Amino acid sequence: MSHTTSPTSRPGVTTDRRDLPGTRLALARTVGLLAAIVVLAAVAVLSIGLGARPLSLPEVWHGLVERTSTTYPVVHELRLPRTLLGLLAGMALGLAGGVMQALTRNPLADPGLLGINSGASAAVASAILFLGVRTFPGYVWFALLGAAAVSVLVYVVGGGRGATPARLALAGAGLNAALYSYISAIMLLDTASLDRMRFWTLGSLASARTGTVLRLAPFIAVGVVVALALARPLNALALGDDSAKALGAHPARIRAAAVVAVTLLCGAATAACGPIVFVGLMVPHVVRTLSGPDLRWALPYCAVLAPALLLGADVLGRVLGRPGELEVGIVTCALGGPFFVHFVRRRHLAPA
Amino acid sequence: MIGRRRTGLGHRTVAVRAAGYSLRLRPRALAAGAAIAAVVLLATVVAIGSGEFPMSPVEVLRTLAGHGAPSEAFIVEQVRLPRAVTAVLAGGALGLAGAVFQSVVRNPLGSPDVLGFTGGAAAGALATIVLAGGGSLALPIGAVAGGVTTGVVIYALAWRRGVTGYRLVLVGIGVAAVLTGLNGYLLSRARIVDAQRAVLWLTGSLDGRGWGEALPLLGAMLLVAPLLLYGGRDVAMMEMGDELACALGIPVQRRRLLVLAGAVVLTSCAAAATGPVAFVALTGPQLARRLTGAPGPNLLASLGTGSALLVTADLAAQRVVPGHQLPAGVVTGVLGGGYLVWLLTTERKAGRL
């Protein structure tokens with residue numbers, strides 16, 4: 001290894017950056033991120049290829065690129081919007097989970113478990129019943145409103161000094177129960193609503209259309225940008241408000257921005273797909289074992305691995321549910337529940 | 001001097017001593033208990049008297065005593081009385097079970113509906129509706145089986161050299177989330193007619209409940225409630241902490257298993273009779289605690305407040321939208337939801353959350 005010396009170097013002291021452990025770690029993490037992107041691409045291709053009519057890899061490629069190929073309509077009208085929706089929704093839920101876990105300093109924070117997705121669903125259900133709203137552009141604003149209301153409540157409730165993981169989780173579970181009974185009441189009042197809502201509340205990518213995806217993208221894009229920009233400030237907040245202030249951060253502003261990010265991400269994702277649980281819980285945990293607690297790495301990893309998980313769950317649902325499909329929300333529940341219980345049993349979380 | 005003086009009734013304990021025995025009484029708790037019982041009776045009488053053929057309370061009492069007109073007697077005995085009795089029993093079961101859970105978990109939010117036990121009963125009932133058509137016998141059996149199975153699973157998963165309230169909460173939340181997904185799946189696979197029936201059942205309602213529901217529930221209550229009330233003293237002492245309770249001679253794990261098992265059975269039976277009514281198990285014990293001002297789980301008072309809540313909720317649900325009978329679960333859900341939000345913010349401010 002050649003030693004490159006800087007003008008201020010002293011003899012005998014190496015300043016080769018490749019020797020510094022921090023750089024090696026950064027290199028490892030970059031490689032890991034690239035590998036994660038490759039995994040995501042592979043899952044996305046699988047998602048495009050699998051379905052009622054399985055497509056091989058060349059067919060997928062031709063379907064994506066050549067207008068005149070026979071698979072073009074299938075890919076562009078059905079598979080691609082679905083895959084893109086899964087990508088956007090997965091990214092949104094994973095990032096929201098990462099931000100929430102950092103914000104509440106609670107390893108059990110998940111936008112589904114804490115009731116945020118239920119808040120968005122309850123708002124959408126109300127819109128469907130009382131205002132007759134039928135399409136995504138209509139109910140995305142209600143979903144954002146519902147998600148915002150519950151996010152603020154959860155942040156208010158969970159931001160105290162005595163807020164242990166169990167207490168916050170219990171508050172979220174209580175809110176979930178309340179909102180779910182409200183949604184059931186709405187389903188009772190109108191059979192047509194019931195028929196729509198009982199599929200929608202499962203969380204599914206089946207309603208993907210190109211228009212939906214295009215309308216979803218701006219919300220998710222803004223949310224992703226805000227969330228990634230919060231990585232450094234949230235790092236500062238990790239040691240407590242006082243340390244954060246000493247480091248020059250503004251805790252109240254950071255929290256407000258985090259709530260905005262979570263609202264945008266969860267509200268938009270729930271409006272498009274219905275409430276999907278456990279993605280925001282599982283992904284940040286897995287990511288932390290790969291990237292460590294530094295959010296500047298953890299959040300990008302979440303943004304890449306969460307869509308991989310969601311698309312993988314969707315593919316699994318399509319495979320298991322042949323000839324129909326098993327909704328992705330059910331698959332994530334079936335995967336996430338045991339994960340959650342296993343995690344709770346293994347870790348010694350501070351007692352109440 | 002004319003004025004008001006705070007007598008501090010809530011903290012006063014009166015000791016009655018006679019012939020070598022002594023009994024400690026709390027005047028406020030006794031007064032509150034009597035008031036709750038009176039409210040339950042009054043609400044029941046009013047509930048029996050209301051409906052398409054309204055009857056005054058005097059007429060109701062006369063009919064119950066056997067001196068009413070035959071048509072009135074039929075309505076009261078076959079339709080309204082069993083409904084009211086079911087409401088009282090189911091509400092009492094939920095209140096009692098809720099008090100036990102909240103005490104074991106040491107958190108006012110730890111009620112069986114939040115921790116997944118009610119969701120298990122719902123899953124069992126939904127499975128019988130979707131898979132087997134859900135006859136009037138299969139449904140309650142499915143609910144009880146589902147609830148008890150879920151209770152066993154949650155307990156087993158939370159067991160790690162013993163069960164602590166903390167782990168029970170976390171495992172319960174995880175299982176509740178999975179059951180929500182499962183129930184959603186079952187609902188989506190049902191035919192629309194079954195789905196409608198299922199959602200109606202899931203909301204919790206007293207509509208059409210007769211002696212077929214009331215009598216089994218009465219049996220369950222007579223068997224289980226005395227056990228829980230007997231274990232109530234130990235439950236109060238366990239609130240002080242496991243080590244202290246153990247030092248006081250209480251077999252902590254065994255008592256905890258016993259009271260939790262009893263509470264799960266009561267919850268499942270109540271769900272089998274009326275469907276999973278939300279939030280009675282959460283609000284009843286809290287209300288009882290605030291009324292009696294006494295420490296400990298307040299089991300008997302919670303039984304009373306649970307009954308009062310469900311009977312009045314059913315009454316309100318029948319009246320609130322004219323011409324349309326809502327299920328009682330809607331009223332408890334809405335009011336309970338509002339109460340939950342209030343509870344969260346006040347507990348947070350008090351630093352207890």
Side-chain angles (χ1 to χ4, degrees), chain A residues 108 110 112-113 153-154 156-182 184-185 187-189 191 194-195 198-199 201-203 277-278 326-327 329-334 336-345 349-352, chain B residues 105-107 109-111 113-116 118-119 157-158 160 164-167 169-182 184-185 187-188 190 192 195-196 199-200 202-204 278-279 282 326-327 329-330 332-334 336-338 340-341 343-345 347-349 351-353:
Chain A
L108 298 175
D110 166 75
L113 284 181
L153 187 64
V154 161
V156 161
V157 164
R161 238 166 299 166
T164 63
R167 286 174 186 166
L168 189 64
L170 209 44
L175 280 171
N176 259 330
L179 291 164
Y180 187 73
S181 87
Y182 174 72
S184 300
M187 286 205 276
L188 265 181
L189 288 173
T191 315
L194 168 66
D195 212 15
R198 66 177 171 141
F199 293 101
T201 48
L202 290 176
V277 196
F278 285 123
L326 208 54
E327 284 80 1
I330 297 177
V331 178
T332 56
C333 245
F339 174 92
F340 181 83
V341 171
H342 172 74
F343 173 74
V344 160
R345 281 176 64 87
L349 302 157
Chain B
V105 164
R106 284 179 218 143
N107 190 306
L109 294 167
S111 82
D113 5 337
V114 165
L115 293 180
T118 318
L157 286 174
R160 210 178 161 203
T164 62
Y166 197 80
R167 247 193 325 265
V169 162
L170 293 175
V171 173
I173 290 174
V175 171
V178 174
L179 283 172
T180 310
L182 179 66
Y185 170 73
L187 261 182
S188 70
I192 183 64
Q196 224 168 350
V199 172
L200 184 61
L202 278 178
T203 322
F279 288 116
L282 183 81
L326 284 178
V330 169
T332 59
V334 168
L340 176 73
V341 172
L343 184 67
L344 285 176
T345 32
E347 291 277 300
R348 153 82 170 94
K349 274 190 206 141
R352 280 193 291 269
L353 195 69

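Order of the sequence lines fixes the chain letters, A, B, ..., with proteins taken first and strands second; residue numbering starts at 1 for each chain. The figures that follow rest on heavy atoms only: side chains count, while hydrogens, waters and symmetry mates do not. Because the structure is a prediction, the values reported are computed rather than measured.
Chain A forms more heavy-atom pairs under 4.5 Å with one residue of B/A190, B/P327, B/G338 than with any other, namely B/A190. Note on A/G174, A/A177, A/G337: by heavy-atom pairs under 4.5 Å with chain B, the leading option is A/G174. Ranked by heavy-atom pairs shorter than 4.5 Å toward chain A, the options B/G336, B/S188, B/G337, B/G333 are led by B/S188. Counting heavy-atom pairs closer than 4.5 Å to chain A, the top-ranked of the candidates B/V171, B/L187, B/V178, B/I173 is B/I173.
Contact detail for A/A169 and B/L170: the closest heavy-atom pair is CB-CD2, 4.4 Å. Nearest heavy-atom pair, A/L202 versus B/G181, reported as atom, atom and distance to 0.1 Å: CD2-O, 4.3 Å. Contact record, B/A177 with A/C333: O-SG, 3.4 Å, taken as the closest heavy-atom pair.
For a residue to count as touching a neighbouring chain, one of its non-hydrogen atoms must lie under 4.5 Å from one of that chain's; by this rule B/A158 touches chain A with the backbone only. For B/L200, the parts lying under 4.5 angstrom from a heavy atom of chain A are both the backbone and the side chain. Using a 4.5 Å cut-off between heavy atoms, B/L282 does not touch chain A at all. Residue A/L179: no heavy atom, backbone or side chain, is found under 4.5 Å from chain B. Neither the backbone nor the side chain of B/A176 has a heavy atom closer than 4.5 Å to any heavy atom of chain A. Heavy atoms closer than 4.5 Å to chain B are found in both the backbone and the side chain of A/A173. Residue B/T118: no heavy atom, backbone or side chain, is found under 4.5 Å from chain A. For a residue to count as touching a neighbouring chain, one of its non-hydrogen atoms must lie under 4.5 Å from one of that chain's; by this rule A/F278 touches chain B with the side chain only. If you measure heavy-atom distances from B/T203 to chain A, the contacts under 4.5 Å come from the side chain alone. Within the 4.5 angstrom heavy-atom criterion, only side-chain atoms of B/V169, from C-beta onward, approach chain A. Contact annotation for B/Y185: both backbone and side-chain heavy atoms come within less than 4.5 Å of a heavy atom of chain A.
With sequence neighbours excluded, the residues that form a side-chain hydrogen bond (donor to acceptor under 3.5 Å, both in side chains) with A/Y182 are A/S126. By the side-chain hydrogen bond (donor to acceptor under 3.5 Å, both in side chains) test, A/N176 is found to be paired with A/S118, residues two or more places apart in sequence or in another chain being considered.
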Problem set entry | Steps toward side chain to side chain contact (heavy atoms under 4.5 Å, CB included) verdict (A/L113, A/F340) | CA-CA 11 Å; A/L113 284 181; A/F340 181 83; 3.7 Å; yes

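Side-chain atoms of A/R345 come within 3.5 Å of backbone N or O of B/L157 as a donor-acceptor pair.
Between B/V341 and A/L175 the shortest side-chain heavy-atom distance falls below 4.5 Å.
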